[in-house]
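Working notes, structure below.
Source: prediction; values computed, not measured. All values below were derived from every heavy atom in this structure, side-chain atoms included, with hydrogens, water molecules and symmetry-related copies excluded. So that the names make sense, note that chain A is the first sequence line, chain B the second, and so on, each numbered from 1.
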2 protein chains.
Amino acid sequence: MSSKSTTKRADALRSIEAIVQAAAECLGRNPDASLSEIARAAGVGRVTLYAHFASRAEVVDAAMSRALDRGNEVLNAVDLTGDPLLALERYIDAGWHLVDQAQALLAAAQRELPAGRIRELHAGPAARVEALVARGRAEGAFRTDLPIAWLINVLQAVMHSATEEIRAGRLNPERAASHITATVLAAFTPPGIPVPEPRGGA
Amino acid sequence: MSSKSTTKRADALRSIEAIVQAAAECLGRNPDASLSEIARAAGVGRVTLYAHFASRAEVVDAAMSRALDRGNEVLNAVDLTGDPLLALERYIDAGWHLVDQAQALLAAAQRELPAGRIRELHAGPAARVEALVARGRAEGAFRTDLPIAWLINVLQAVMHSATEEIRAGRLNPERAASHITATVLAAFTPPGIPVPEPRGGA
DNA sequence: TCCAAACCAAACATGGTTGTTCGAGTTCTG
DNA sequence: CAGAACTCGAACAACCATGTTTGGTTTGGA
């Protein structure tokens, strides 16, 4: 009955934290980052890493889960009610750079984790945006001549490409959000309806 | 004057062709494909591959150059004059799946080739579209409140994402072109102007 | 026909990554 | 403070990819 507690010591928890955090950073930069690299970045020995994670896959899974949880936390705090255009703008503003790191990690995860696990982790975040887009369509704010799945794909693709443009030095990070917003709102506008004027300061 | 010919025998040229073609396919599927894999796919021995290419980088370069040349050939045949909207539609129709394989190869190239070489190869194709978009802006058909580089980035991103959607089984290949066209034309429309009605058959 | 050019399989060296084991040192926790 | 939990460096085995060499066989071209 000695269900005392975590049975893990404080320094062990500290190491695990450092490893998961380093993994998220390294894999976000390069999906092929080695475990040596991750361990070094975490400031722990390679052996210590293996003491806490049985395989490379477990490290990737932990980093992925963590990033998704973080992102979810932020996105769940965004108010998606009211005018769908404004709601989408708020969503983009809050989440465009989160999506990026998740996407980079996802590239690593896709080679190491079973497909089911990935879908499982990715299901939560997708649902809220999907609901918003569906509502916008029902209210006539977003086009209905293209499938919802396609619209969401466009949203993700544009956000993702923005971070790549920034990394390549072709886009000023401060302008990213307004460019994404202007582009996506136009792409979502039903045919025959005028494209909305940008409102956020350029 | 005995510029007889290539000094290469016919079977050697055949092997090289097979290797470059196999490399384009394999690397397009998986940027990490090994040379053994490529040689096997080409139906030649690994040693033969090394007889014609000094290093992995040379193979990647050859595959990349070839794909770019092929793509260029097709795209240069597209008529980009007249109504910018219709011209862009023709461009997308002809090139949306070419862009994909080039992009997959590009992922492999970016890790193996110097940045300068990549820019060099990529410069040609970009120029024609850029000119089209610039003309469309000058004629008031495309928006001018976003940089040209950003608009072209959006075009590429949407085309690229479409091929990923197809690969994941979430998009019917026959609908891809019309979806891309509808999305991009809307995204390019100047604020205040109505989004164009789709004309191509769904 | 005849030889050089091209092919191939097998084997080698090299270097990197993944996991694992060992022994000795360090640090948390009771 | 004492022992258990944790950490670490070094070194091991296994695997895979890159290049290279060797020697023997096929094949193209003159």
Side-chain angles (χ1 to χ4, degrees), chain A residues 1-23 25-27 29-64 107-114, chain B residues 1-23 25-27 29-64 107-114:
Chain A
M1 318 343 183
S2 61
S3 59
K4 265 291 154 59
S5 58
T6 39
T7 58
K8 293 224 175 183
R9 248 170 53 176
D11 55 354
L13 295 177
R14 225 182 302 140
S15 289
I16 292 178
E17 242 309 288
I19 291 169
V20 175
Q21 188 172 331
E25 284 174 27
C26 292
L27 294 174
R29 242 183 292 120
N30 166 24
D32 291 325
S34 73
L35 293 187
S36 314
E37 204 175 325
I38 293 173
R40 209 180 324 119
V44 308
R46 206 169 62 90
V47 186
T48 302
L49 189 152
Y50 276 105
H52 296 298
F53 299 91
S55 71
R56 169 173 243 273
E58 274 192 22
V59 178
V60 176
D61 191 303
M64 187 77 189
Q110 257 156 351
R111 299 193 234 176
E112 235 100 27
L113 267 43
Chain B
M1 325 291 211
S2 65
S3 57
K4 266 294 154 61
S5 59
T6 37
T7 61
K8 293 224 176 182
R9 249 169 52 177
D11 56 352
L13 295 177
R14 226 182 304 139
S15 289
I16 293 177
E17 242 308 288
I19 291 170
V20 174
Q21 188 171 331
E25 284 174 26
C26 291
L27 294 173
R29 241 182 291 118
N30 166 24
D32 290 325
S34 74
L35 293 188
S36 313
E37 203 175 324
I38 292 173
R40 209 180 324 121
V44 308
R46 205 167 63 89
V47 185
T48 301
L49 189 152
Y50 276 105
H52 297 298
F53 299 91
S55 70
R56 168 173 244 273
E58 273 192 23
V59 179
V60 175
D61 192 301
M64 186 78 188
Q110 258 156 351
R111 301 191 232 174
E112 236 100 26
L113 267 44

Requested in this report: Take Leu27(A) and Asp32(A) through the test side chain to side chain contact (heavy atoms under 4.5 Å, CB included) and record every step on the way to the result.
Outcome: CA-CA 7 Å; Leu27(A) 294 174; Asp32(A) 291 325; over 6 Å; no
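Atom pair Asp32(A):CG and dT18(C):P shows a separation of 10 Å (rounding to whole Å applied). Distance CZ (Arg111(B)) to P (dA17(D)): 15 Å, rounded to an integer number of Å. When rounded to the nearest whole Å, the span between CG of Asn30(B) and C1' of dC16(D) equals 14 Å.
The two residues Pro31(B) and Arg56(B) have their closest heavy-atom pair at O-NH1, 4.2 Å. Looking at every heavy atom in both residues, Val20(B) comes nearest to Ala63(B) through CG1-CA, 4.0 Å.
One finds a side-chain N or O of Tyr50(B) lying less than 4.0 angstrom from the OP1 or OP2 phosphate oxygen of dG19(D).
Of the possible polar contacts, none joining the Glu37(A) side chain to the Ala33(A) backbone as a donor-acceptor pair under 3.5 Å is found.
Residues Asp11(B) and Arg14(B) are in side-chain contact: their nearest non-hydrogen atoms beyond the backbone lie under 4.5 Å apart. Residues Phe53(A) and Ile16(A) are in side-chain contact: their nearest non-hydrogen atoms beyond the backbone lie under 4.5 Å apart.
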Query raised in the report: Base, backbone or nothing for each nucleotide of nucleotides 5-17 of chain C, written B, S, -, heavy atoms under 4.0 angstrom, 5' to 3'?
Result: BSSSBBB-----S
